[in-house]
Each structure stands twice: as structure tokens, then as C-alpha cells.
Amino acid sequence: MTTVRIPADWPTTEARARAVQDELRTRVELREPGPPPGTGRVAGVDVAYDDARDVVVAAAVVLDAASLAVVEEATAVGRVSFPYVPGLLAFRELPTVLAVLERLTVAPGLVVCDGYGRAHPRRFGLASHLGVLTGLPTIGVAKNPFTFAYEEPGARRGSTSPLVDAGAGGEVVGCAVRTRDGVKPVFVSVGHGVNLENAVAHTLHLAPRYRLPESTRRADALCRRALAEATG
DNA sequence: GCGACAG
DNA sequence: ATCTTGTCGC
């Protein structure tokens, strides 16, 4: 299997990476409604690493949004392009994610990322970054609140509460969303081309039974499986 | 300066 | 992210 090439212009230093974020951030679209939840095709993307062997595998799983049935799956193997630095996750994950999306034969109407979009120190997390680079509508669904604060949502599935940046005058950057009764919420933020209200609606539609969206669960399982095979 | 910090 | 078994509960 061929290994993905890291783009020649990919930033090497943290300072340059932050500058790229500040530059691309102006192209993010936050107010568009995006595709109606429950319609069309939705892709979940995720990445697994073996830092010791310098191997990274990305997976993309396309679901029919109405039935949540799998339409297509793809994987791509690459080399680690950047260390994990809070706030710069996109530079570690996106080269391989972009490659795996190019391998899909059906175009998704929405991409669900494992991480943040607008909920980011510079309001440009990996979901927003992926949206700007591909032009695809994207949302971010993360498992942790990062540096942000939130009030505990109601205990029932469907309850939400704002995710706020206390250090920025309490600016709302996303939403804590309870996808299962009594279970820790997930943290949703706008990526690109989908407003927050619809990002939350997509998340709830995609997670009818488990805490995480089916798109994320399937992509996570696939990239782990593929990493095990690629590694041995 | 120190600690916290998506994955 | 990743290292890792059994175990409590619906």
C-alpha cells in the first residue's frame, strides 16, 4: 500500500502553523445552514497512530444519513507530519485525512470530525480547517471540553448547554450535547458551512444509541483495524 | 513562572 | 492518541 505524501508547503514550526490558522480562519462560514440533518450522505473521519513506527492511518466511512447504513469505506496510510500540540492538532491529522477523502468515490454532503471546529484557541480547529481546505460542510464532535467551560446539560438525551470560552468574555464556541440519558455529553462545534443549531441536530441524529455519532464510531473502528494490519 | 490542554 | 483485565450495570 502506498504511503501518503505530506504536502510540500505543510508548516514545520509551531509559529508558522499558528500563522496558517490565523490566515485561513477568515474563510470559515459559520452561518450557513448546511445540508438538512437526516438527508444525503455523511462521512466520519478518524486517525490512529503508531508514533514509535512513525505510522498514521486515517479512515473515512460514508453513511446514508437516513438509515445510517454504510455506503463506502476507505483508508490511507501516512507518516507522522507533526507532533501533538494542543491547538495544532490539524497539522498532525489533516494530511492523511485529506488523502483518505480523495479515495472516496461518493461525495459526502457533510463530514463529521473527531475534535473541534470553532471551539479552538484561535477559533480554527481541525473541523474548520478541513472544511476550508475541501469546501465541504464540516462539524466537530469532541469527547472532552478542552479548555472550555460548560454547565452540565439536563440528564436526558437531547439536552444541551453552551460551551464557553471563559477567557474571552464567555464567548459561546460550541455546545455540550447529551446524546444518551445520564451519560457524559459530547462537545459539538461548528466546522464550516453548517451553523451550530444544525451541527447539534446532525449529532443527535447520528447518535441514536451510543454516546458518539455512528460516523465517528465506524471511522474509529476502521482506522484502528487498518493500523493493526499496516503495523503487523 | 506554572499548570492545563481536542487527538 | 496509547499502555491494558476484569467488572459493574442496563
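Chain identifiers are assigned alphabetically (A, B, ...) following the order of the sequence lines, protein sequences preceding nucleic acid strands; residue numbering begins at 1 within each chain.
A donor-acceptor contact shorter than 3.5 Å is absent between the side chain of A:Glu151 and the backbone of A:Ser161.
A side chain to side chain contact (heavy atoms under 4.5 Å, CB included) with A:His192 is found for exactly one of A:Leu130, A:Leu30, A:Val132, namely A:Val132.
Backbone-only engagement by A:Ala48 is indicated by non-hydrogen atom pairs under 4.0 Å involving sugar-phosphate atoms exclusively. Within the 4.0 angstrom heavy-atom criterion, only backbone atoms of the sugar-phosphate kind lie near A:Arg224; the bases stay farther away. Within the nucleic acid shown, A:Gly87 comes within 4.0 Å of at least one base atom, counting heavy atoms only. The residue A:Leu94 sits apart from the nucleic acid: no heavy atom pair falls under 4.0 Å.
The CZ atom of A:Arg123 sits 16 Å away from the P atom of B:dA6 (whole-angstrom rounding). Note: CG (A:Leu89) to P (C:dA1) measures 10 Å, nearest angstrom. Going from atom CG of A:Leu227 over to atom P of B:dG7 covers 18 Å, rounded to whole Å. Distance A:Tyr150 OH to B:dA6 P: 13 Å, rounded to the nearest Å. The nearest whole Å value for the distance from the CZ atom in A:Phe148 to the C1' atom in B:dA6 is 9 Å. Nucleotide C:dT2 holds its C1' atom 12 Å from the OH atom of A:Tyr49, rounded to whole Å. Separating the CG atom of A:Leu126 from the P atom of B:dG7 is a distance of 9 Å, rounded to the nearest angstrom. Atom CZ of A:Arg122 is separated from atom C1' of B:dC5 by 12 Å (rounded to the nearest Å).
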* To do: Tell me, with the steps shown, if A:Tyr150 and A:Phe187 meet ring pair (Phe, Tyr, Trp, His ring centres under 6.0 Å).
  => CA-CA 10 Å; A:Tyr150 68 103; A:Phe187 304 89; 4.9 Å; yes
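Dashed line: the shortest gap from a side-chain N or O of A:Asn144 to OP1 or OP2 of B:dC5 is not under 4.0 Å. For the pair A:Lys143 and B:dG7, the criterion of a side-chain N or O lying under 4.0 Å from OP1 or OP2 is met.
With contacts defined as side-chain heavy-atom distances shorter than 4.5 Å, the pair A:Pro37/A:Asn198 qualifies. Contact check for A:Gln21 versus A:Phe91: side-chain heavy atoms found under the 4.5 Å cut-off.
An aromatic stacking contact links A:Tyr84 with the base of B:dG7, defined here by ring centres under 5.5 Å apart and ring planes under 30° from parallel.
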